[in-house]
Amino acid sequence: MMKAPIELIVLVSVLMIPFGITSAVYNSSSAEIAAALRLSADDTAWFNILYIGAQLIMLPFASWLTYRFGAVRLLIGGAVIGLVSAVISAFCNIPEAHYFTWTGHGIAASAMIVAGQVLVLRNLSIRNIAYAESIMLLMTTLLPFGIYPWILAELAENQLWQLSFAVQILVYIIFFAWIWLRPFPYKDEKRAVTFNLLQAVLMTAAIAGVVFILMRGQFYNWFDSPLISNAAVITAALILLCVFALKKRWGRGEYIRSDVLASAKNIVSMYNGALAGFAVLGTSMLISSYLAGVLQYSHSQLGWIQVPALSSMLLGLLVSIWICNHPTLKPDVVIPVGVLMILLSSAFLAGSNAYSGVSDMWLALLLRGFGVGVLNVTVTIYILGGFEKKYIAQGVSYFYLFRTFGGLAGGALFSRLMSQEASTAVNVLGENFNEMNQAFILYQGAMVRTLENAMLEATPARVALLLSGQLKTQTAAVAGVNNFQWFVICIFILAPILLIGKKLAAK
């Protein structure tokens, strides 16, 4: 590679580090953040909702900004917003300020991702694009799934969660020092594009509604809540208006064009992205819930168990680079392989035994890691590399919208299914918790002996506490295993749709 491509790859990869860290902070440190800011878990959940919502709302706007002001200015602007947000998050303990900073982190993330992708896809060769995308995905996806959860959880458990934002400040300073000392390796491409306010308002409202329903709805009994039901009706109307506004080009100017997805190939590509998000984020939620609910793992232990899977993720990344640079192999052929690896890992997890701990989960985690590496890298390189240069910015925005919504849908679906499975399991298991049941009498005797062996008096309260704890564990085990089975069923439904769509697109 020449000097300019290397410099561009390093610059955009450096700016992906803060995004990768922030995306892993909430899941690893939510309890500690809530305690430090004296917020409830419900109030703290809004940090993540605002972060994801700001990201998705910013994506189409960022694509417009790249045309109007250029990708370099957008990249620098996103870094400025990210730096300010990181400074406040690192040194401020006012809860209201953190609501604004998490929104700022989301805005900065989308601005930098769209700008970085546009610069890479417009200016690099096919081979160099594969290298750049791999390194960027290493920073934004593989490390946040692999090693960040463990490191950030360790910091949080030692009351150092704000250090994760302080590290981001250093990264931003390095970036600004670099571009101040050296000119940017590529020039901006700009054109005068009028801002379409009508389309922007409709799309922003529709995205906000979907994020609210998917992320907030899982905390309620879904459509048993009038708030979620009303939000769903309003959001459905906004989505229809947004589609018509984009299709019929309502209003003056442009926001994000619908003809980017006019071809069948691009539609199938978006479905690919959504399916990848569904598979990766859905199984991440299931694994975390299983380990936390059944094996009673802390955030630090949850992070540590994912570290070995990082090696198989890196192997998947290398395979993706080789395939994308191979003259005869088609990258889209590998996408079903990645889904298959995640499917096999879920099948193994569905048959795992809660009482054996993690001993029979290693193979499943390694398979999943390889699937995540292959799927994320190959999908991103193949899809983003397939857009025409004039549509790159909008194609990037559409891709990340579909991929993120696919992941949110997976998380929301399995969260709701887990709630239903847990409710059913409690009813079934609870039938055996009565004084006339022989199994209950034996179990109660076992709890009494456990207390006596620990030199504790077997009071009714202590026995009841142990029994309720065992009931919760068994409920979580049944719900967790059943949800892995539900995931397998979902993939068997969704994967054939992808294959049929590819066949139709090929014709």
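As a basis for the values below, the full set of heavy atoms in this structure was taken, side chains included, without hydrogen atoms, waters or symmetry mates. Everything numeric in this text was worked out from a predicted model, so none of it was measured.
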message: Regarding Thr378 and Ser320, do their side chains bring together a donor and an acceptor under 3.5 Å, going by distance alone?
response: yes
- prompt: Side chains of Val243 and Met203: closer than 4.5 Å at any heavy-atom pair?
  reply: no
message: List the residues meeting side chain to side chain donor-acceptor pair (under 3.5 Å) with Asn266, not counting sequence neighbours, and say none if there are none.
response: Ser263
Donor-acceptor contacts, no H, no angles, side chain residues 139-146, under 3.5 Å, sequence neighbours left out:
{"from": "Thr140", "atom 1": "OG1", "to": "Met136", "atom 2": "O", "distance (Å)": "3.0"}

- prompt: Does the side chain of Pro149 come within less than 4.5 Å of Asn27's, by heavy atoms?
  reply: no
message: Would you say that more than 12 heavy atoms from the other residues, nucleotides or ligands in this model lie under 6.0 Å from the CZ of Phe100, or not?
response: no
query: Does the side chain of Phe405 reach to within under 4.5 Å of the side chain of Val211, using non-hydrogen atoms?
result: yes
message: Can you tell me how far apart CD1 (Ile113) and CG (Leu75) are? Round to the nearest 0.5 Å.
response: 11.0 Å
task: Please collect all side-chain hydrogen bond (donor to acceptor under 3.5 Å, both in side chains) contacts where either partner lies in residues 106-117, sequence neighbours excluded, each pair once.
output: Gln117-Glu133, Gln117-Tyr400
field: Reported CG-to-CZ distance for the pair Leu74 and Phe61, which is rounded to 0.5 angstrom
entry: 9.0 Å
- prompt: Between atom CD1 of Ile392 and atom OG1 of Thr66, what is the distance when rounded to the nearest 0.5 Å?
  reply: 10.0 Å
message: Are the side chains of Thr22 and Gln168 in contact, using a 4.5 Å heavy-atom criterion?
response: yes
- line: side chain to side chain contact (heavy atoms under 4.5 Å, CB included) filter on Ala34, not counting sequence neighbours, yields Thr44
Spatial distance of atom CD (Glu154) from atom CG (Leu160) [nearest 0.5 Å]: 10.5 Å
- prompt: Which pairs pass ring pair (Phe, Tyr, Trp, His ring centres under 6.0 Å) with one or both residues in residues 231-271, sequence neighbours excluded?
  reply: Phe195-Tyr255
field: Non-neighbouring partners of Ser269 that pass side chain to side chain donor-acceptor pair (under 3.5 Å), sequence neighbours left out
entry: none
message: For Gly395 versus Leu384, what's the shortest heavy-atom pair and its separation?
response: O-CD2, 4.3 Å
- request: Flag the pair Met58 / Leu65 as yes when at least one side-chain heavy-atom distance between them is below 4.5 Å, and no otherwise.
  value: yes
task: Search all heavy atoms of Gln199 against all heavy atoms of Ala245 and return the closest pair with its distance.
output: NE2-O, 3.3 Å
task: Taking the side chain as every heavy atom from C-beta outward, state whether Thr380 and Arg403 have any atom pair closer than 4.5 Å.
output: yes
field: All side chain to side chain contact (heavy atoms under 4.5 Å, CB included) counterparts of Tyr99, not counting sequence neighbours
entry: Leu39, Asp43, Trp46, Phe47, Leu50
- prompt: Please, which pairs that meet side-chain hydrogen bond (donor to acceptor under 3.5 Å, both in side chains) have at least one residue in residues 49-60, sequence neighbours excluded?
  reply: Tyr51-Gln55
statement: So CD1 of Ile207 and OG1 of Thr235: to nearest 0.5 Å the spacing works out to 11.5 Å
task: Quick one: list whatever passes side chain to side chain contact (heavy atoms under 4.5 Å, CB included) with Ala54, sequence neighbours left out.
output: Thr103, Ile107
field: Set of residues satisfying side chain to side chain contact (heavy atoms under 4.5 Å, CB included) with respect to Ala97, sequence neighbours excluded
entry: Ile88, Cys92, Ile94
field: Under the side chain to side chain donor-acceptor pair (under 3.5 Å) test, residues paired with Arg249 that sit two or more places apart
entry: Asp259
- prompt: Roughly how far, to the nearest 0.5 Å, is the CG atom of Asn196 from the CZ atom of Arg252?
  reply: 10.5 Å
field: Side chain proximity check, Ile234 to Phe212, heavy atoms < 4.5 angstrom
entry: no
query: Excluding sequence neighbours, so at least two apart, what forms side chain to side chain donor-acceptor pair (under 3.5 Å) with Tyr67?
result: Gln394
- prompt: Are the aromatic rings of His105 and Phe19 close, with centres under 6.0 Å apart?
  reply: no
- prompt: Any side-chain heavy atom of Arg257 sitting closer than 4.5 Å to one from Leu246?
  reply: no
